[in-house]
Amino acid sequence: MKVHVDMNLCQAHGECVFAAPDVFTLHDDDTLEWVEEVGEERRAEVEQAAQACPMMAIRLEG
Amino acid sequence: MRIVVVGASLAGLRAAQALRSAGHAGELVVVGDERRRPYTRPPLSKQLLAGAHTVEQCDLPCDGLEATWRLGAAATGLDRAGRRLLLADGDALAYDRLIVATGCRARRWRGPGAELAGLHTLRDVDDALALRRELERGSPRVAVVGAGFVGAEVAATARGLGLDVTLIDVAPHPLLPLGPLLGERCARLHRDHGVALRLATGVRGFRGSGGGAGTGAAAAGAGAADGAAAGAAGRERVAAVVLEDGGEVAADVVVVALGAIPNSEWLAGSGLTLDPGVVCDATLTSVDDPDVLCAGDATSWPHPLADGATVRVEHWTNAAEQGAAAARNALAPAAERTPYVAAPYFWSDQYDVKIQAVGLPGRAERIELVEQSPAGDRLVAVGVRDGRAIAAIAFNAARRLAWYRRRLADPPACDELLAAVAADPSALGAPSGVGS
């Protein structure tokens with residue numbers, strides 16, 4: 001499954017970091033880094049991260 | 001099983017989605033009093049109001065839900081004995097489980113001048129568009145009454161449009177629940193951006209442009225009254241906010257931002273306990289009826305950060321999470337339902353500052369600054385009650401807030417938390433002059 005984040009929308013709420021800490025990380029300067037290709041075992045938490053994003057910036061593919 | 005979700009905003013939508021993803025294959029009806037499909041409200045006071053976002057960009061995706069939508073249909077009552085939801089159009093919807101997610105509405109001004117044109121509240125898309133139309137017409141002077149989160153954001157947005165803005169509140173500083181320390185910072189932020197603040201000042205009412213209704217004063221004002229209907233009625237237009245100290249603030253547009261009221265009156269005859277939120281147990285189940293569950297702004301439920309007292313939370317994340325939690329519990333027998341215990345998270349964007357908070361800052365006895373960057377532009381404060389940290393608030397420090405959020409799930413002793421902060425190399429730095 002591919003994880004896309006629209007960085008034009010991302011406001012560093014950190015909801016995704018909270019929902020899926022192994023996939024999303026905030027840097028010291030509050031910019032987001034994420035794993036772009038994740039395994040099926042992470043589907044539930046990544047879907048939760050996408051739903052939790054107040055900016056609707058996260059899109060999942062596959 | 002037939003499940004009816006009443007309320008078609010974020011909490012209701014997340015409830016409906018969670019019902020489907022948890023395997024509910026039966027009937028699902030979503031009832032909403034607005035005619036629009038669900039949308040997200042945070043941009044209403046910011047991007048939508050500023051004209052940077054379209055209405056469509058606020059829409060919440062709700063594809064593939066396979067729900068029956070009953071939009072533009074307000075709920076008017078609940079027949080619990082007959083398990084029927086009553087609608088304004090006379091229809092009655094049978095349910096096996098009901099999820100109440102009717103949210104809040106803006107508190108309106110009822111005092112002197114309430115009838116004047118140019119007074120606005122901000123809750124839904126139509127409110128935001130009506131306000132935007134007036135902000136875009138000429139260069140109106142804007143007064144915002146109420147310096148809570150909505151009021152402060154509207155003031156920042158209007159100022160960003162280059163308008164003259166006065167922010168008025170009876171409290172001594174904006175954002176009352178965040179305490180004086182952060183409230184003063186917020187006040188300074190608005191002053192630095194050119195907003196006039198009138199604090200510790202109540203509002204007596206609003207004065208019209210002088211001639212009374214039907215004199216033509218409205219049409220001569222800075223912007224003609226709100227659309228054809230108001231023009232036809234000849235409503236007099238607001239000209240000033242009258243303060244309790246007798247002073248006045250000249251204004252062509254007034255935004256009344258005095259908080260929100262739960263939409264629970266429709267349940268008054270139902271026998272459900274209202275406070276005025278729908279009183280639930282920890283599993284978001286009504287204390288009076290195991291077939292009625294609740295989610296979002298109109299839900300009162302006992303919270304561990306409040307020592308088990310009921311709280312009601314009016315924030316985006318709470319609505320989203322409770323919607324999903326209430327849905328999962330609705331599918332379970334009453335004995336197998338799980339408590340909803342998350343520490344509330346919320347944020348506010350004002351100018352270049354992102355304020356984020358977790359926990360219950362409004363219940364704190366004091367708010368203490370615990371981290372601050374050397375430049376002073378980033379900080380974290382904690383809310384303390386009975387020696388425990390029950391809230392953390394960050395200004396431009398999202399990653400740090402996540403650190404606190406994990407710890408607040410089980411509220412730590414404040415001393416332990418401060419020791420952990422001191423030992424954490426990623427902390428922003430010790431604030432200077434703490435306690436002074």
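Excluded from the calculations below are hydrogen atoms, water molecules and symmetry mates; all remaining heavy atoms, backbone and side chain alike, are included. Letters A, B, ... mirror the listed sequences (proteins, then strands); counts begin at 1.
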* Structure fact -> Heavy-atom closest pair (A/Q51 atom, B/W316 atom, distance to 0.1 Å) is O-CH2, 3.9 Å

* Interface moiety of A/Q11 toward chain B, non-hydrogen atoms closer than 4.5 Å -> both

* Measuring heavy-atom distances to chain A, does B/L428 have an atom under 4.5 Å in its side chain, in its backbone, in both, or in neither? -> neither

* Hey, could you give me the CD/OH distance between A/E15 and B/Y345, rounded to the nearest 0.5 Å? => 6.0 Å

* To do: May I have the step-by-step check of side chain to side chain contact (heavy atoms under 4.5 Å, CB included) for B/R378 and A/D30, ending in yes or no?
  => CA-CA 11 Å; B/R378 308 172 70 201; A/D30 290 344; 3.6 Å; yes

* Counting only heavy atoms closer than 4.5 Å, note whether A/H27 contacts chain B via side chain, backbone, both or neither. => backbone

* Asked: What part of B/R14 lies closer than 4.5 angstrom to a heavy atom of chain A: side chain, backbone, both or neither?
  -> side chain

* Donor-acceptor pair, B/R405 side chain versus A/G14 backbone, under 3.5 Å? -> no

* Asked: Quick one: of B/P61, B/A397, B/S426, who has the most non-hydrogen atom pairs under 4.5 Å with chain A?
  -> B/A397

* Asked: Can you tell me how far CD of B/Q47 sits from CG of A/L9, rounded to the nearest 0.5 angstrom?
  -> 9.5 Å

* Structure fact -> Applying a strict 4.5 Å limit to non-hydrogen atoms, the region of B/N396 in contact with chain A is backbone

* Asked: With only heavy atoms counted, which part of B/Q57 is less than 4.5 Å from chain A, the side chain, the backbone, both or neither?
  -> backbone

* To do: For atom CD of B/E66, decide whether the heavy atoms of other residues, nucleotides or ligands shown that lie under 6.0 angstrom number more than 12.
  => no

* Asked: With a 4.5 angstrom heavy-atom cut-off, which part of A/A12 approaches chain B: side chain, backbone, both or neither?
  -> both

* Distance-minimising heavy-atom pair for B/R399 and A/L26 -> CD-O, 2.6 Å

